[in-house]
Amino acid sequence: MQFGGILFFVGFITHVSVAGDIFQDSAFVQEASFYQTDSARVYRLMAEGKELLSDDKDLALTKAQEALSISRTLGDSLIIADAQVMLAYVFMIRRNFPAALEQYIASYDVIMASEDVRRMSDILMELGYLEYVQQNHEQVIQYMEQVIPLAEASGDYQIVGESSFFLGKAYGHLGDTTGAIRVYKQALEKVRGKNAFGEASLYGALGAHLWEYQHDPEALVYLKKALRFYSSIPKQDDIAIGSLKRRMADIWIDQHIHLDSARSYLHEALELFRKHRFADLELELQTQLARLDSTEGHLHCAITHWQRYAVLSDSIHKAAKLEQYESMRAAFEAEKREQENQQLTALNEQQAEQLTRNRQYNLLVIMLLLIVAGFALGLMYLYQRLRRNHQFRVEQSQILLKQTQELEEAKQEVDHININLELMVQESTAKLKGRNEQLQEYAYMNAHKVRGPLARLLGLITILQDPKLHSRNEADLLLEQVYRSAEELDEVIKGINDNLQTHEVIVGQGKDESSTPPLIPV
């Protein structure tokens, strides 16, 4: 039980040191700077509450509740979730586990929706530790096995080490010592060289586990490594260092070796616990120092330690009663505030409903005004369009009237042209008729008057060309006949030409020669 108490407080203080840094992390400070002033105030209140936890838990609770109240007025779900984590953290340290669980679950739902892997791993870590404090070790295993892959994915190897620390302790409490050692060693492989704090906590847990369950002297090797790592961290964890020194002193006392070193380590641990006001741990150290002094025969020193134990025990009981009273008073005030919040919520809902109705009424009025304005604009548009259409029709009427006049003038011109055309057709018809008659007369003269002399002339020429057909005396007679036929043919041709010229003059008389082509004489 003594070793179990040491492990419990080592784990508790380690968890406080690691998880509390969430509210002073630079990422949160940078994030707050992007919000309004009230948002920065929320994170400042959470950081102040974390600093007050070791000195004034009531004031720390007040700071956390104020931070949550301001965050709710902002309406930012992530800021509210952070404030709920801080409040749950304070409730857990005050041992108000149901209230802590309620706040953790509420914040986890919001962060699950945001898919922030780092915050998810932090809250699962908090839930796992809450179950660890209540000794629900099966639940601890479920939570921590979810935390480890999330922390690896986000690159937070300190959380990997811390979650493995509690996972191994849960396996140890359930009696699976082999599983616990396996968890510690696997985690060491992951965090080695990546996070000194996680590596230190794992070395310490592995050493404590080996001694508590197996009494393996190699435990001192791991505890010394853990102490060296804790001492090398810039922000040293005094409680973790004191717990490790106490553990090493216990092992030396059990082995009856290095008793002076053991006493020195116990005194150093006592000073560290006293500095941070952890009365329960100080009480256990007074008991160990008293027993050590009794074993070595230092009875006066042992009596002194027992007296200090009695005084400290009495103050612890009084403080416990006072804390219980304060817890009940805080619960009553919280219930009262909850009722006031419910009343304010109801009033806000009524105001919201009234505001909604007013908005609906205003929206209806605006819609009616828009409809009237649209109707008026439509009428104006219709009037303008009708006016433009009327003006267009007037212009079209003028254009049509002008076109009608032009068509009337064109019609008159066409009628005049038609009249002239009839005269031209009549003249052309008369001329063609005269030409036809001339052609008929020419054909008759060609067939009767021209053909006869020409045929005789051709026949006489044929006879003259053939000496067999005539004698020399007949040739002169034939030549005379040829001459007469040629004169006859010449007279006929002259008569035809005179006739054609005379007829052409008669037909074309009074007509412009340029309008009718002249008849070509044959």
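The first residue in the sequence is number 1, and the count goes up from there.
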- Message: side-chain contact (heavy atoms from CB on, under 4.5 Å), that's the test. Do Q350 and L347 meet it? Break it down for me.
- Response: CA-CA 5 Å; Q350 292 177 359; L347 180 61; 4.2 Å; yes

Quick one: [atom1] on [X] to [atom2] on [Y], what's the gap to the nearest 0.5 Å?
{"X": "L150", "Y": "M125", "atom1": "CG", "atom2": "CE", "value": "12.5 Å"}
{"X": "L167", "Y": "Q146", "atom1": "CG", "atom2": "CD", "value": "11.5 Å"}
{"X": "N362", "Y": "L369", "atom1": "CG", "atom2": "CG", "value": "10.5 Å"}
{"X": "L87", "Y": "M46", "atom1": "CG", "atom2": "CE", "value": "11.0 Å"}
{"X": "E126", "Y": "S107", "atom1": "CD", "atom2": "OG", "value": "9.0 Å"}
{"X": "N389", "Y": "Q396", "atom1": "CG", "atom2": "CD", "value": "11.0 Å"}

- Message: Any side-chain to backbone donor/acceptor pair from Y104 onto L124? Under 3.5 Å, distance only.
- Response: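 No: the side chain of Y104 does not pair with the backbone of L124.
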
- Query: Can you check whether I70's main-chain N or O pairs, donor with acceptor, with T73's side chain at less than 3.5 Å?
  - Reply: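 Yes, because the side chain of T73 sits within donor-acceptor range (under 3.5 Å) of the backbone of I70.
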
Is the shortest side-chain heavy-atom distance between [X] and [Y] below 4.5 Å?
{"X": "L59", "Y": "E48", "result": "no"}
{"X": "R119", "Y": "V85", "result": "no"}
{"X": "Q398", "Y": "V394", "result": "yes"}
{"X": "I123", "Y": "I111", "result": "yes"}
{"X": "R192", "Y": "Y203", "result": "yes"}
{"X": "E488", "Y": "R484", "result": "no"}
{"X": "I399", "Y": "K402", "result": "no"}
{"X": "T62", "Y": "D58", "result": "no"}

- Would you list the pairs meeting side-chain hydrogen bond (donor to acceptor under 3.5 Å, both in side chains) in which at least one residue belongs to residues 367-388, sequence neighbours left out?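 Not a single pair qualifies under side-chain hydrogen bond (donor to acceptor under 3.5 Å, both in side chains).
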
- Does anything in residues 351-361 pair up under side-chain hydrogen bond (donor to acceptor under 3.5 Å, both in side chains), and if so which pairs, sequence neighbours excluded?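 Every pair satisfying side-chain hydrogen bond (donor to acceptor under 3.5 Å, both in side chains) with a residue in residues 351-361: Q354-R357, Q354-N358.
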
Between [X] and [Y], which heavy-atom pair has the shortest distance, and what is it?
{"X": "F91", "Y": "Q65", "result": "CZ-NE2, 4.4 Å"}
{"X": "V90", "Y": "A64", "result": "CG2-CB, 4.1 Å"}
{"X": "Y43", "Y": "D82", "result": "OH-OD2, 2.6 Å"}
{"X": "Y129", "Y": "M144", "result": "N-CE, 3.7 Å"}
{"X": "Y184", "Y": "G168", "result": "OH-C, 3.3 Å"}
{"X": "E199", "Y": "G193", "result": "OE1-N, 3.3 Å"}

- Taking atom types as modelled, is there a side-chain donor on S164 or Q186 under 3.5 Å from an acceptor on the other?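 The answer is no; no qualifying pair exists.
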
- Trace of the side-chain contact (heavy atoms from CB on, under 4.5 Å) decision for L432 with T429: CA-CA 5 Å; L432 289 173; T429 303; 5.7 Å; no

- Item | Carboxylate-amine/guanidinium proximity below 4.0 Å for R41 and E66 |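 Counted as a salt bridge, because a side-chain N and a carboxylate O are separated by less than 4.0 Å.
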
- Going through the checks in order, is the side-chain contact (heavy atoms from CB on, under 4.5 Å) test met by L127 and I105? CA-CA 8 Å; L127 286 168; I105 293 298; 4.3 Å; yes

Side-chain polar contacts of residues 134-141 - donor-acceptor pairs under 3.5 angstrom, sequence neighbours left out - could you list them?
residue: Q134; atom: NE2; partner: L130; partner atom: O; Å: 3.2
residue: N136; atom: ND2; partner: E131; partner atom: OE1; Å: 2.7

- Message: As a quick check of understanding, evaluate side-chain contact (heavy atoms from CB on, under 4.5 Å) for Q103 and L68, giving each step before the final call.
- Response: CA-CA 11 Å; Q103 296 297 328; L68 180 59; 4.1 Å; yes

